[in-house]
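Okay, so here's the structure we're looking at.
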2 protein chains.
Amino acid sequence: MTDATPRRRATIEDVAARAGVSRAAVSKVLRDAYGVSDAMRERVTAAMAELNYRPSIAARGMRGRTYTIGIELPDLANHFFDRIVRGAMGALAGTPYQLIIAPAETGTRRGFRALEALVDRQVDGLIAVSPRVDEDALDRIAASVPLVMFGRLDTSNQYDVVAGDDLGGARLALEHLFGLGHTRIAHLTLPDEDPNAPFPHSGRLREYLAGMAAAGLEPEVWHSDDGTDFAYRATREAIAAGTQATALFAAHDELAIGAMRAIAEADVEMAVVGYDDVPLASHPAFGLTSIDQPGERMGARAVELLLERFAGRTTAVREVFDVELKARASTRPSAG
Amino acid sequence: MTDATPRRRATIEDVAARAGVSRAAVSKVLRDAYGVSDAMRERVTAAMAELNYRPSIAARGMRGRTYTIGIELPDLANHFFDRIVRGAMGALAGTPYQLIIAPAETGTRRGFRALEALVDRQVDGLIAVSPRVDEDALDRIAASVPLVMFGRLDTSNQYDVVAGDDLGGARLALEHLFGLGHTRIAHLTLPDEDPNAPFPHSGRLREYLAGMAAAGLEPEVWHSDDGTDFAYRATREAIAAGTQATALFAAHDELAIGAMRAIAEADVEMAVVGYDDVPLASHPAFGLTSIDQPGERMGARAVELLLERFAGRTTAVREVFDVELKARASTRPSAG
DNA sequence: CTGAAAGCGCTAACAA
DNA sequence: TTGTTAGCGCTTTCAG
């Protein structure tokens, strides 16, 4: 018992033995709990270091906290989500929490399995980025773990929400194109997007339809699966089908980038506006006009909301972030 | 005991009570273990469904498996890693394993904390993408969990390796530029990259230096932190400092893309070759010549190696994937 | 084929 | 201030 432990990881028991104290004492030091003398703290800390002790998260999970925050992401290839993660990690620095990402599977109920996996792993807090999950499932999840939903347009009293102003953003995009004289403006969005659903893209679509209608213009909606490649194909097909659109408002930048590929290849003139303002949008090779959503700040805020919940807040919070149009070459007459 | 459970999650005990069997029986059904009658399986399955039962991963972790595979990633913004994750998820489909991603923190020993966090969470298998971690730490980790290292140039008998042919890839890049008549070729790589270290970028740097030397040419190495933005700045500075380079071999595509931004802004002529062939490289806005590494296949293979370990393999495996040059506009004389 | 029971490493009362 | 102890939910012998 007192000689070097073999291969296996040191446990709290080993540390206690090494330091000549009880397990409870070690646990208290670990958790910074009240009632430990400096002398004991020192001995325990030393023993932990010598044994290279690391607490088992599974064992901790059995009793409560796992010091883990999970984030479900729909698409790793979308740089906007990278902005969110970066912000979240920044806000987590200095706390004992670890961030883990569960990538959403594709298909219907996209993100549902990832969310479940995270709940099964007893994360202390959960951030979900627009999963295609029904309200009931969300409420059920929120009942067992603090949840922050990204981009929901509606309000819940079960979970917190961090969102951008999707309606305002869509309006900015549309007005920008109107100001440039465009009247035949297409909108590229995801499949089966319902303008009345509470998702970000639904809001953008809704506002697009409303704005076109208000201007007495005919809407033209293209659909594609998520991702640059699918957007490329959808746009290629729209062009092949003889679209008369002179401008395109894409539901997010990755879609816009895919669309630009088809536009470049077909060598047609079409102004493009994206959404999110991913870093690439400002690259001179693209010069993509986009609606800037402050992803880093939104990610950081999501983490803060979780930390507040840990600290005891029980009322739901909804935070909406302003967005901003960044005009670039993709919507300047000469740029095509 | 027999009426509806309140708010709390159903446990194996609840299922057993509901089905009128023992906990052990439920556990066996859960794990598909030997020795359960069809009748019992059916009753148990029904009870699980009725109670919406999901096993606690933490409790399972206490006794062994967590059905979780962890992957440490250095940079979410790099699309090559997305290729890897996509491949890994594909290989995991249909297995009971869940993939979780731990993003590496920045700074020295980048990725170390993420790796530790994953080990603390008792993942069943670990995939690490070029963390800046010393051999000892890796061996220690590999002693407690099956580990697949991405991109290591050296061989280990503690862990498996999946890598691309970095030396061959660098040679392809260099010869391509030589063939175009370039003699002043710069190489953009990460800071403190040691040509003799066992990392992918080290190998690319080493081969670059060797190739230039063999051709009797003067090497010119630029350094930047990882990421498009840093590459942009480094390139801008190199240009401002009056580099005579007519071509640039960037250690990966994200760096190349950042460099192209500086090149475009400064309006100079410089051929660019990247590495990885991320989807964006073939976008007409870039037309970036790149070395294609089959990221999806590599990610899938990494998962397979882990599954083989779970199945009992104990000898270390090292797999090297061929790479291929994709010539595009960025290295055609007219493209700059 | 089924059940009883030990125990994984930790936290949190409660006692001393 | 420190120690004792009862579980948390699951897997896994070992009996029946």
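To find a chain, count down the sequence lines: A is the first, B the second, and so on, and within it residues start at 1. Side-chain atoms are counted along with the backbone in the values below, which use heavy atoms only and exclude waters and symmetry mates. Note that this is a predicted model, so its numbers are computed, not measured.
Counting to the nearest Å, the C1' atom of dT2(C) and the OH atom of Y34(B) are 13 Å from each other. Atom CZ of R41(B) is separated from atom P of dC1(C) by 10 Å (rounded to the nearest Å). In this structure, the CG atom of D14(B) is 13 Å from the C1' atom of dC8(D), given to the nearest Å.
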In B/S/- notation (B base, S sugar-phosphate only, - none; protein heavy atoms under 4.0 Å), nucleotides 7-16 of chain C written 5' to 3' is BBBBBB----
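Distance alone, capped at 3.5 Å, is enough to place a donor-acceptor pair between the R313(B) side chain and the L305(B) backbone.
R110(B) and T106(B) are not linked by any side-chain donor-acceptor pair at a separation below 3.5 angstrom, with hydrogens and angles left out of the test. Side-chain contact annotation: T66(A) with R60(A), donor-acceptor N/O pair under 3.5 Å absent.
The cationic atom of R132(A) (NZ for Lys, CZ for Arg) lies less than 6.0 Å from the six-membered ring centre of F199(A) and within 45° of the ring axis.
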Check: Which is it for R140(A) and S144(A) under the side chain to side chain donor-acceptor pair (under 3.5 Å) test, yes or no, and what are the steps along the way?
Finding: CA-CA 7 Å; R140(A) 195 151 26 77; S144(A) 79; over 6 Å; no
